[in-house]
Amino acid sequence: QLQLVQSGGGLVQPGGSLRLSCAASGFTLDYYNVAWFRQAPGKGREGVSCMSSSGGDTNYADSVKGRFTMSRDNAENTVYLQMNSLKPEDTAVYYCAADRGSSCPGGPWWVHWGQGARVTVSS
């Protein structure tokens, strides 16, 4: 069974940090483009970051540049999203996604999705 299992998330104060994890099982992430998306309450899903299978290119939404860092650990078959200097507007459910055939920046047509992790930034 091919799946992405997310962990992390939670409640954090503005200015704080969180790290999200996304572990693949049943397939090897090395050969996949991977991405993070988020959906804030009452809004559509938006791309946060995307990394090509080669790991050479990572792009970020303007709203998170300089604050979020995406990484992958092929040995652990896991991708991460380190989120620093969090703001209330970062509050959303975050999803990881992977696709072998489609390139970044990715979108809802990607094949594999994690279950989502809620991030709430509030004092």
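Using a 30° and 60° split on the angle between ring planes, Tyr94 and Phe68 fall in the tilted class, from 30° to 60°. Using cut-offs of 30° and 60° on the angle between ring planes, the pair Tyr95 and Trp113 is perpendicular.
Asn84 is linked by a side-chain hydrogen bond (donor to acceptor under 3.5 Å, both in side chains) to Ser17, Gln82, counting only residues two or more places apart in sequence or in another chain.
Among all heavy-atom pairs drawn from Ala35 and Cys50, the shortest one is CB-SG, 3.9 Å. What you find for Phe37 and Gly47 is that their closest heavy atoms are CD2-CA, 3.6 Å. The two residues Tyr80 and Thr78 make their nearest non-hydrogen contact at CZ-CG2, 3.5 Å. Closest approach of Leu18 to Leu86, counting heavy atoms only: N-CD1, 3.9 Å.
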Please step through side chain to side chain contact (heavy atoms under 4.5 Å, CB included) for the pair Tyr60 and Arg67, ending with a clear verdict. CA-CA 10 Å; Tyr60 297 90; Arg67 301 187 298 121; over 6 Å; no

Assess whether side chain to side chain contact (heavy atoms under 4.5 Å, CB included) is satisfied between Cys104 and Asp57, documenting all intermediate values. CA-CA 9 Å; Cys104 289; Asp57 295 317; over 6 Å; no

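Atoms CG and CE, on Leu81 and Met51 in that order, are 10.0 Å from each other to the nearest 0.5 Å. With rounding to the nearest 0.5 Å, the separation of CZ in Arg100 from CZ in Phe27 is 10.5 Å. To the nearest 0.5 Å, atoms OG (Ser25) and CG (Leu2) are separated by 7.5 Å. Separation of atoms OG (Ser49) and CE (Met83) is listed at 10.0 Å; rounding is to 0.5 Å. Of the inter-residue distances, the one linking Ser103 atom OG with Asn33 atom CG reads 6.5 Å to the nearest 0.5 angstrom. Here CG of Leu20 is found 9.0 Å from SG of Cys96. Values are rounded to the nearest 0.5 Å.
Within the 3.5 Å criterion, the main-chain N or O of Gly26 finds no donor-acceptor partner in the side chain of Gln3. The backbone N or O of Val121 sits less than 3.5 Å from a side-chain atom of Thr91, completing a donor-acceptor pair. Using modelled atom types, one side-chain atom of Arg72 and one backbone atom of Leu29 make a donor-acceptor pair closer than 3.5 Å. No donor-acceptor distance shorter than 3.5 angstrom exists from the side chain of Glu46 to the backbone of Arg38, with no hydrogens or angles considered.
With contacts defined as side-chain heavy-atom distances shorter than 4.5 Å, the pair Val34/Met70 qualifies.
Under the 4.5 Å side-chain heavy-atom criterion for Ile, Leu, Val, Met, Phe, Trp and Tyr, Trp36 and Trp110 are members of distinct hydrophobic clusters.
Under a 4.0 Å N-O distance rule, the pair Lys87/Asp90 does not qualify as a salt bridge.
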